[in-house]
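Before any comments, here is the structure.
What you see below is based on every heavy atom in this structure, not just the backbone, and it leaves out hydrogens, waters and symmetry mates.
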Amino acid sequence: RILRANALLLVKPHHKMGDLLVSTPVIRNLRLALPEARLVLVAGPVNQGAVHDNPDLDRVDVVRMTGPSVLANLPQVLRWRRERFDAAILLSTIDQSSTAVALAHLARPGFVVGLDDSAWGGVSDIAYDCVVPPLPEPRFHMVDYNLALLEGLGIPVLTREHVLGVTGAQRAAGDAALREAGIDPSRPLLGIQIGSAPEAKARQWPATHYATLAQKARGELGWQVVLLGTPADEPAVEQVQLLGHTRFPVLTRLDSGVS
């Protein structure tokens, strides 16, 4: 039934930008399998930037996730009902969001699809009309975990590449920022994001690893290197700088003018 769909509602409003970004291969493969279908993604205020200007989506609807403001989603829900989606697909996630599941059902699609997340404490057997088995391996890349949803539905997986839409204006602003930092946008460039969410200590690479990678990229490959982050990452960026033989250009304030 999915392969005959004319309109699909894709739902993932409950995670951060990186989590939604690793779901973009799912969106791309859906677009390749259903070139004429209408694909609408439900995102949240925090992660919407990951699919801003995504070329595979017809529309991105941003919803409220918590508190009394959830009631503000009612006009959006009524619009989805009028659009008569063939199915709502909960883009794969390990921890389930009851709000996301509720929004999918409130849209009244033909049916609701999601990965079996019972191993992670979810209730997929009652949350979804169609439950797809996840990957059997205990360790996996999140892209593969997400794409298991499509494979279970019989949709061919033709690419694992992430998709990040970039407009001409955004590219021009980015090039200008690079030139201001002394970087030639026409030459090979490696951007290294320093730091991570403060609460995710296990995901934070040691400064020595960043410094080694940056030195090898510049010394062995001849690439330009720029260190990226937010203002909150500046102390971690400085740690990496102190470990190198020479300093690298830094861009930690790209939120204004490039986004």
(request) Taking side chain to side chain contact (heavy atoms under 4.5 Å, CB included) as the test, write out the residues that go with Ala104, two or more places apart. (result) Val11, Ala88, Leu90, Val112
(message) Less than 6.0 angstrom from the centroid, inside 45 degrees of the normal: does Arg38 satisfy that with respect to the ring of Phe85?
(response) yes
(request) Could you check Leu30, Val60, Val40 and say which one makes a side-chain contact (heavy atoms from CB on, under 4.5 Å) with Leu10? (result) Leu30
Just distance, no hydrogens or angles: give the donor-acceptor pairs under 3.5 Å from side chains in residues 156-166, sequence neighbours left out.
residue, atom, partner, partner atom, Å
Thr159, OG1, Glu161, N, 3.1
Arg160, NE, Asp144, OD1, 2.8
Arg160, NH2, Asp144, OD1, 3.0
Arg160, NH2, Asp144, OD2, 3.1

(message) Would the distance check show the side chain of Asp58 and the main-chain N or O of Leu39 forming a donor-acceptor pair, the cut-off being under 3.5 Å?
(response) yes
(request) Please check if the side chain of Asp86 supplies one atom and the backbone of Asn6 the other of a donor-acceptor pair under 3.5 Å. (result) yes
(message) Donor-acceptor check, side chain of Gln76 to backbone of Val63, threshold 3.5 angstrom: yes or no?
(response) no
(message) Is there a salt bridge (Lys or Arg N to Asp or Glu O under 4.0 Å) between Glu36 and Arg31? Walk through the geometry before answering.
(response) CA-CA 8 Å; Glu36 303 301 323; Arg31 175 54 70 204; over 6 Å; no
(request) Say whether, by atom type as modelled, one donor and one acceptor occur between the side chain of Thr167 and the main chain of Gln170 under 3.5 angstrom. (result) yes
(message) Quick one: does any side-chain atom of Asn146 pair with a main-chain N or O of Val143 as donor and acceptor, under 3.5 Å?
(response) no
(message) Strictly by salt bridge (Lys or Arg N to Asp or Glu O under 4.0 Å), give each pair with a member in residues 45-55 just once, sequence neighbours left out.
(response) none
(request) Check whether any side-chain N or O of Asn29 sits under 3.5 Å from a backbone N or O of Leu150 as a donor-acceptor pair, and report yes or no. (result) no
(request) Output, in order, the C-alpha distance, side-chain angles, deciding distance and verdict of salt bridge (Lys or Arg N to Asp or Glu O under 4.0 Å) for Asp56 and Arg28. (result) CA-CA 6 Å; Asp56 299 319; Arg28 169 54 56 88; 2.6 Å; yes
